[in-house]
Structure formats: C-alpha cells, structure tokens
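Okay, so here's the structure we're looking at.
The chains referred to below are lettered A, B, ... by the order of the sequence lines, with proteins before strands, and numbering in each begins at 1.
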2 protein chains.
Amino acid sequence: MTSATKSKPTPTPTPAMAPKALRADAARNHEAILEAARERFAEEGTAAQMDDIAREAGVGVGTVYRHFPTKDDLIEALVARRFELIAERGAAAVAAASDDAWAAFSEFMHFSVGLQASDRALSQVLAGHPDLVQKHAEASGTWDATVELVRLTKRAGALRKDAEPEDVPMVICGLGMVTESQTDSPTMNWRRFLALVLEGLRAPGAAKLPKRPRSS
Amino acid sequence: MTSATKSKPTPTPTPAMAPKALRADAARNHEAILEAARERFAEEGTAAQMDDIAREAGVGVGTVYRHFPTKDDLIEALVARRFELIAERGAAAVAAASDDAWAAFSEFMHFSVGLQASDRALSQVLAGHPDLVQKHAEASGTWDATVELVRLTKRAGALRKDAEPEDVPMVICGLGMVTESQTDSPTMNWRRFLALVLEGLRAPGAAKLPKRPRSS
DNA sequence: CAATAATCGGAACCTGAGTTCCGGTTTCGG
DNA sequence: CCGAAACCGGAACTCAGGTTCCGATTATTG
C-alpha cells in the first residue's frame with residue numbers, strides 16, 4: 001500500500017492527519033449539506049431522500065455524493081456528531097455525580113433519550129445497527145463515561161446493585177425506539193416510559209433482574 | 001362511498017357475513033399463503049418480499065395478490081391473527097387474576113412481548129402504526145381485557161395506583177421495538193428490560209409518573 | 001364427460017430512490 | 001489576468017420490489 005513510488009503527483013508532505021485543504025466553496029457546501037441532512041433525517045428518519053437533502057442544501061445531488069460517497073456515510077457522519085454531544089453530557093454527569101448521583105444519572109438518561117426523541121434517524125440507526133452504537137460509544141468516550149457514572153451512582157446507593165453499565169445503552173436505545181414512531185401520541189409517551197424504567201432501576205431490587213446472557 | 005347503485009352485477013344475496021364458498025384449491029392456497037407469510041414476515045420483518053412468500057407457499061405471485069390485494073392487506077391479516085392470540089391470553093390473565101394478580105399481570109406482559117420477540121413484522125407494524133394497534137386491540141377484545149386486568153391488579157395492591165391501562169400497550173409496543181433488532185444481543189435483552197419496567201410498575205411509586213398528555 | 005367459470009402462474013411492467021457521469025463553472029497559484 | 005485543477009449540477013441510469021395481465025389450468029355442474 002505505502003509503496004514509495006514518488007512518481008505520483010501525491011507527495012503528501014504531511015503523512016497522516018491532513019485531509020484538509022478544501023476549496024472555499026467546497027467547504028461551504030460541505031457544511032450546508034451536513035446541516036440540511038441533519039434536518040431532513042431528524043424529521044423523516046433514514047427514509048429522507050438524497051434529492052431533498054441536496055435541494056434543501058441548495059446544491060446538486062452530485063455534490064452531495066462527492067462529499068459523502070454513500071447515503072450511509074452521510075448518516076454515519078451525523079451519528080458521530082450526535083455521539084459527541086452525548087459524550088459531552090456524559091462527562092458532565094460524571095462530574096456532577098459527586099454532588100447528587102441520582103440526579104446526574106437521571107438527567108443524563110433524559111438528555112440521551114430526548115435527543116433521540118427529536119431525531120428519528122438517530123434512533124432508527126441506533127436501533128438497527130448495534131455495532132455502530134458500540135463503535136461510536138467507544139470512540140466518543142461515551143462508554144467510559146457511562147461505566148464511571150454507573151459506578152458512582154451505585155456507590156451512592158442510588159442505583160440497584162445488579163444494574164450494569166450495559167443497561168444504560170439498552171435503555172437509551174430502547175426508549176429511543178419508543179419515541180421513533182409517535183413522539184407525542186397519548187399511548188406512546190417516552191417521558192412516562194422513562195420514568196417507569198428509572199423507577200425500576202432505582203428500586204431496591206425486590207425482584208432480581210435476569211442475568212445478561214453472554215457479554216463480549 | 002356507499003352509494004346504493006344497485007346497477008352493479010353484485011347482487012350479494014347474503015347481505016353481510018358470507019365471504020365463503022371458495023373453491024377447494026383456492027382455500028388450500030389461501031392457507032398456504034398465510035402460513036408462508038407468517039414465517040417470512042416473522043423472520044425478515046415487513047421487508048420480506050412478496051415473491052419469496054409466493055415461492056415458499058408454492059404458488060405464483062399472482063395468486064398471492066388475488067387473495068390479498070396488497071402487501072399491507074396481507075400484513076394486517078397476520079396482525080389480526082396475532083391479536084386473537086393476545087386477547088385469548090388476556091382473558092386468561094383476567095381469570096387468573098383473582099388468584100395471584102401480579103403473577104397474572106406479569107405473565108401476560110411476558111407473553112405479549114415474547115410474541116413480538118419472535119415476530120419482527122409484528123413489532124415493526126405495532127411500532128409504526130399506532131392506529132392499527134388501537135383498532136385491533138379493540139376488535140379482538142384485548143383492550144377490554146387489559147382494562148380489567150389493570151383494575152384487578154391495582155385492587156390487589158400489586159400495581160402502583162397511578163398506572164393506567166394505556167401503560168400496558170405502551171410497554172408492550174415499546175419492548176416489542178426493543179426486540180425488533182437484536183433478539184439476543186447482550187446489550188439488548190428484552191427479558192431484562194421487561195423485568196426493569198415491571199419493577200417500575202410495581203414500585204410503590206416514590207417518584208410519581210408524569211401525567212399522560214391528552215388522552216383521546 | 002363436456003361446458004363453464006373461477007383460479008393459477010410468472011413474465012412483464014411501473015415506480016421510486018440511490019448512484020453515476022460529464023460538460024459547464026469557480027477557485028486559486030503565478 | 002490566465003490557465004489548470006477542483007468543483008458543481010442535475011439529467012440519466014440502474015436496480016429492486018410491488019403490482020398487473022392474460023393465456024393455461026383445474027374445480028364444479030348437469
């Protein structure tokens with residue numbers, strides 16, 4: 001791969017880490033596309049159409065494809081962005097846990113689920129691609145924060161002892177799916193559902209939770 | 001819609017209730033199609049293809065379409081069947097509630113969610129079409145059973161007072177969505193999730209559940 | 001057993017959505 | 001200010017999957 005055939009007009013002075021140097025208009029469009037995509041995907045889920053995104057970005061479809069070779073690439077780029085937000089909030093929760101662990105934990109859950117409630121594509125992707133969740137949760141630092149948050153909340157005695165870090169993404173993804181369809185149908189109300197689950201997580205644990213099958 | 005233009009060659013001797021009189025082979029195929037569809041949809045969700053279903057039923061696509069004019073019709077027919085099962089179990093739970101209300105309630109929930117865990121299409125449909133849920137829940141008698149079951153379980157003191165009948169379909173559909181993707185991924189384990197929610201429903205209710213927005 | 005009408009089968013059709021292509025346009029270095 | 005390189009746009013292509021059509025086939029009736 002890295003054959004030193006310098007004959008190619010690709011000297012690449014800066015070996016790695018330098019995908020920069022976009023032309024002015026290209027950079028502008030890149031941002032516009034990302035923004036338009038966020039809107040459309042949030043509203044219509046992964047069913048949003050590339051043509052619509054292009055139009056909303058004030059750009060041709062071809063341009064969209066030059067920036068993101070595939071629809072999935074575009075989606076993943078957006079997911080990565082979302083995870084940055086979540087990771088940020090996770091870190092904040094860890095910091096706040098020393099004060100009121102349960103409040104911090106609860107707030108983090110509300111934020112994460114709420115984020116999905118306002119972004120159909122996000123919940124759809126997280127629902128359908130557990131691998132992506134794992135990947136970005138780790139890459140963004142969300143996973144580390146979660147582990148720590150669970151540890152602290154348990155130590156504060158606010159979280160049942162048999163809860164596990166894995167329960168957090170489970171609940172978040174699960175609730176995300178709940179919101180995916182009807183954000184405000186009377187029968188599908190994520191705030192109420194989340195409250196229920198949090199009650200379950202906080203309960204002293206009269207009924208033991210079934211063990212998780214086989215963890216990787 | 002119901003214009004009484006009797007000019008049409010549709011005398012319909014038996015006013016309502018008489019879509020019978022299928023030719024022998026037609027009846028056989030009807031059943032085969034339904035069975036094949038159940039399998040394919042259970043496995044692949046609503047993405048299952050009509051051609052595959054036809055092949056598995058040992059029948060041409062045309063035949064499938066004569067029995068079910070549209071893919072959605074076929075899906076709905078299957079959903080209706082499932083609701084019969086659930087309604088049946090709901091009635092049984094109501095009967096058993098006089099003995100051990102919580103056990104009956106809990107068992108009913110497990111059954112309903114488990115049914116979806118083994119049928120991707122079912123959970124997908126319930127997730128994406130709350131209207132259908134409402135419709136079939138009422139038509140099949142599931143809804144009545146649910147209301148009664150909740151009443152009994154509350155009276156037995158096993159269910160928190162601020163729980164509502166609507167919470168049951170909410171949880172069932174919600175959990176169904178959880179199972180929709182990875183039935184046995186370590187991070188998405190519906191039994192564990194359900195246990196969590198049940199804990200929340202049983203808890204004495206230290207934290208009040210948020211009120212349901214606006215019920216129809 | 002023949003006539004008749006319902007039923008079958010599956011090739012062909014149609015639509016929608018992701019992706020490709022290439023002539024025209026804009027940016028940047030000299 | 002000029003020319004090359006990079007970028008843009010959107011018509012056209014491709015492919016998949018639901019739906020239609022009609023000659024062949026098979027169940028009923030007398």
Exercise. Can you name the nearest heavy-atom pair linking Pro169(A) to Pro165(A), along with the distance?
Worked result: CD-O, 3.1 Å

Can you measure [X] atom [atom1] to [N] atom [atom2] for me and round it to whole angstrom units?
X	N	atom1	atom2	answer
Ile75(B)	dG17(D)	CD1	P	14 Å
Leu22(B)	dC8(C)	CG	C1'	14 Å
Phe41(A)	dA17(C)	CZ	P	13 Å
Lys71(A)	dA17(C)	NZ	C1'	8 Å
Ile33(A)	dT19(C)	CD1	P	14 Å
Arg55(A)	dA17(C)	CZ	C1'	13 Å
Phe68(A)	dC7(D)	CZ	P	14 Å
Ile53(A)	dA17(C)	CD1	C1'	12 Å

What's the closest nucleotide to the side chain of [X] if the choices are [options]?
X	options	value
Asp25(A)	dC8(D), dT19(C), dT19(D)	dC8(D)
Arg28(A)	dA17(C), dC8(C), dT27(C)	dT27(C)
Arg66(A)	dA11(D), dG18(C), dC7(D)	dC7(D)
Met50(A)	dT27(C), dT19(C), dG18(D)	dT19(C)

Would one find a side-chain N or O of [X] under 4.0 angstrom from OP1 or OP2 of [N]?
X	N	value
Asn29(B)	dT7(C)	no
Thr70(A)	dT19(C)	yes
Thr63(A)	dC7(D)	no
Arg23(A)	dA5(D)	no
His30(A)	dC7(D)	no

Exercise. In terms of the nearest nucleotide of DNA chain D, which residue is placed more toward the 5' end: Pro69(B) or Ala26(A)?
Worked result: Ala26(A)

For this session: Sorted by first residue and then second, give each ring-ring contact (aromatic ring centres under 6.0 Å, His included) pair with at least one member in residues 35-80 of chain B; sequence neighbours left out.
Result: His30(B)-His67(B), His30(B)-Phe68(B)

